[in-house]
Q: 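Sharing a structure, written as structure tokens. Questions coming.
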Amino acid sequence: MSRVYNFGAGPAMLPEPVMRRAREEFLDWGGTGVSVLEMGHRTAEFRSIAEKAEADLRALMGIPESCKVLFLHGGASPQFAMVPMNLLRGREKADYLHTGYWSGKAIAEARRFCCVNVAASGEEYGFLSIPIPERWQTDPEAAYLYYTANETITGVEFQQVPESGEVPLVADMTSNILSRPVPVERFGLIFAGAQKNISTAGLGVVIVREDLIGHLADHYPSLCDYALHAEKDSMVNTPPTYAWYLAGLTFEWLLEQGGLGEMERRNAEKAELLYKAIDDSDLYLNDVDPACRSCMNVSFRLADESLNERFLEQAREAGLVGLKGHRSLGGMRASIYNAMPLSGVRALVAFLREFERGA
Ligand SMILES: *Cc1c(COP(=O)(O)O)cnc(C)c1O
């Protein structure tokens, strides 16, 4: 068996050195004779894994002391509810930017808890562009301003961090966390499901300003309380230990690569190469506003859709898998997270050209 380039959106490719290291350590972690899979979460060994992972993430992202870092169950979606549960703090309203599928999900969930003010919507552009900040209608009484930093399905990414003034800024960074540096100090809360750019499925990472937590209403389940998770070092119950460990290996790998500035440079190079190949061709089309094209998820479609099946089949034969677009959008999508090497994008670009010649 040989490895292929996997462009799937998630669970997605992991860096090969991370998987090799996990394989080396699989049966015997650090001379203990025990696999991380079998290790008690309250042992000194797992504590050391957990603490190093947090320290490395703090170093990578420049997370200030005033923020807690939580490693929680359930990926990203539980945060659609936990954000309003915890951050409304007695307020009745929250601002949301509606830029596509994932922010739509977050809005629907938030409506169970508060009055959602959709401060801006990309709907009039078919969610292929983001309204400019001058047109946003934010509410000064909102408890927070929520946005989805990268809409994974369409491939629409904010190129700037929104200004929210005194209102805490909340971001779903599931599909672009760690892809470039971000000014964490400007956020009230950042969250990400781990299965796209961090680790394997089951883990959600939450970075939250400490002064915003501790206000959960009494009638909510205690497991929804960020403050409780912070107090118990994310070990209220058994955490997803293996996913946490793999996240730590990824953070270490990123530090070795030169950190997030270097990832930004590599990711920009990969994305430019791919968008240029699409723009230069007559067969492939990307409909996203160039001002907000994603560096992580490059969606495209074939001018002749009857070629879709043949395209996917021949791509698979060429060792390029996971290119089928999301079921809600159709077409194609190449996810090029941190783990996708430049060689994978080069191979895809060569395939795009070859397929077009034969079409
Ligand atoms: C994948 C994704 C989610 C959902 O993640 P789950 O862990 O499956 O809940 C949420 N937001 C964004 C931006 C995503 O890409």
Side-chain angles (χ1 to χ4, degrees), residues 6-14 70-85 94 96-112 116 121-122 127-128 130 144-159 161-162 169-180 182 187 189-208 223-224 229 234 239-240 242-244 246-247 250 267 271 288 292-299 322-329 333-340:
N6 176 5
F7 294 90
M13 250 182 114
L14 285 167
L70 310 175
F71 291 83
L72 305 181
H73 281 283
S77 299
Q79 305 314 320
F80 297 161
M82 281 172 72
V83 164
M85 278 183 184
Y96 278 72
L97 304 179
H98 191 194
T99 51
Y101 183 88
W102 290 114
S103 49
K105 288 266 187 196
I107 288 167
E109 196 68 9
R111 286 204 166 114
R112 302 165 77 101
V116 169
S121 171
F127 294 114
L128 296 169
I130 300 170
Y144 56 85
L145 169 64
Y146 179 108
Y147 79 110
T148 304
N150 183 57
E151 287 283 2
T152 319
I153 291 174
T154 42
V156 168
E157 185 173 19
F158 281 78
Q159 301 303 329
V161 173
L169 185 61
V170 175
D172 174 358
M173 290 194 188
T174 298
S175 50
N176 67 350
I177 193 166
L178 304 175
S179 68
R180 57 167 92 176
V182 286
F187 290 83
L189 186 148
I190 292 168
F191 71 87
Q195 69 275 22
K196 284 158 189 159
N197 223 359
I198 299 178
S199 178
T200 181
L203 173 70
V205 175
V206 175
I207 301 162
V208 61
L223 273 176
C224 295
H229 289 290
S234 307
Y242 201 77
W244 193 336
L246 274 181
T250 299
N267 288 326
V288 175
C292 40
R293 280 175 163 184
S294 171
C295 277
M296 295 282 101
N297 309 96
V298 178
S299 62
L323 286 165
K324 193 173 175 147
H326 190 267
R327 54 189 150 52
S328 68
L329 193 71
R333 172 177 52 175
S335 296
I336 50 173
Y337 302 119
N338 285 341
M340 176 60 68

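Numbering of ligands and ligand atoms starts at 1, following listing order.
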Q: Can you figure out which of Leu203, Asn297, Asp172, Asn176 has its heavy atom closest to atom 13 (C) of ligand 1?
A: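 Ranked by closest heavy atom to atom 13 (C) of ligand 1, first place is Asp172.
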Q: Which heavy atom of the protein is the closest neighbour of atom 9 (O) of ligand 1, given with residue, atom name and distance?
A: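 For atom 9 (O) of ligand 1, the nearest protein heavy atom comes out as Ser77 OG, 2.5 Å.
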Q: For Asn150, take its heavy atoms, then give the atoms of ligand 1 lying under 4.0 Å from any of them.
A: 13 (C)
Q: Can you confirm whether Pro162 sits close enough to Tyr147 that some side-chain heavy atom of one is under 4.5 Å from a side-chain heavy atom of the other?
A: yes
Q: Can you tell me which portion of Lys196 lies within the under-4.0 Å heavy-atom range of ligand 1? Options are side chain, backbone, both, or neither.
A: side chain
Q: Distance under 4.0 Å to a non-hydrogen atom of Gly75: what atoms of ligand 1 satisfy this?
A: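 Within the 4.0 Å cut-off of Gly75, ligand 1 contributes 7 (O).
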Q: So which atom in Ile177 and which in Thr174 form the shortest heavy-atom distance, rounded to 0.1 Å?
A: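 It is CG2-O, 4.3 Å.
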Q: At their closest point, which heavy atom of Leu72 faces which heavy atom of Met82, and how far apart are they?
A: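 Here Leu72 and Met82 meet closest at CD1-CE, 4.1 Å.
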Q: So which heavy atom in the protein is nearest atom 8 (O) of ligand 1, and how far is it from that ligand atom?
A: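 So the nearest neighbour among protein heavy atoms is Gln195 NE2, 3.4 Å.
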Q: Only heavy atoms of Thr152, strictly under 4.0 Å: list the atoms of ligand 1 that pass.
A: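 Within the 4.0 Å cut-off of Thr152, ligand 1 contributes 12 (C), 13 (C), 14 (C), 15 (O).
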Q: For atom 5 (O) of ligand 1, what's the nearest protein heavy atom and its distance?
A: Ala76 CB, 3.4 Å
Q: Give a yes-or-no answer on whether the side chains of Tyr337 and Asn267 include a donor-acceptor pair shorter than 3.5 Å.
A: no
Q: Should the ring pair Phe71 and Trp244 be called parallel, tilted or perpendicular, given that the plane angle runs from 0 to 90° and is split at 30 and 60?
A: parallel
Q: Determine, step by step, whether Leu189 and Tyr144 satisfy the side-chain contact (heavy atoms from CB on, under 4.5 Å) criterion, reporting the C-alpha distance in whole Å, the side-chain angles of both residues, the deciding distance to 0.1 Å, and the verdict.
A: CA-CA 10 Å; Leu189 186 148; Tyr144 56 85; over 6 Å; no
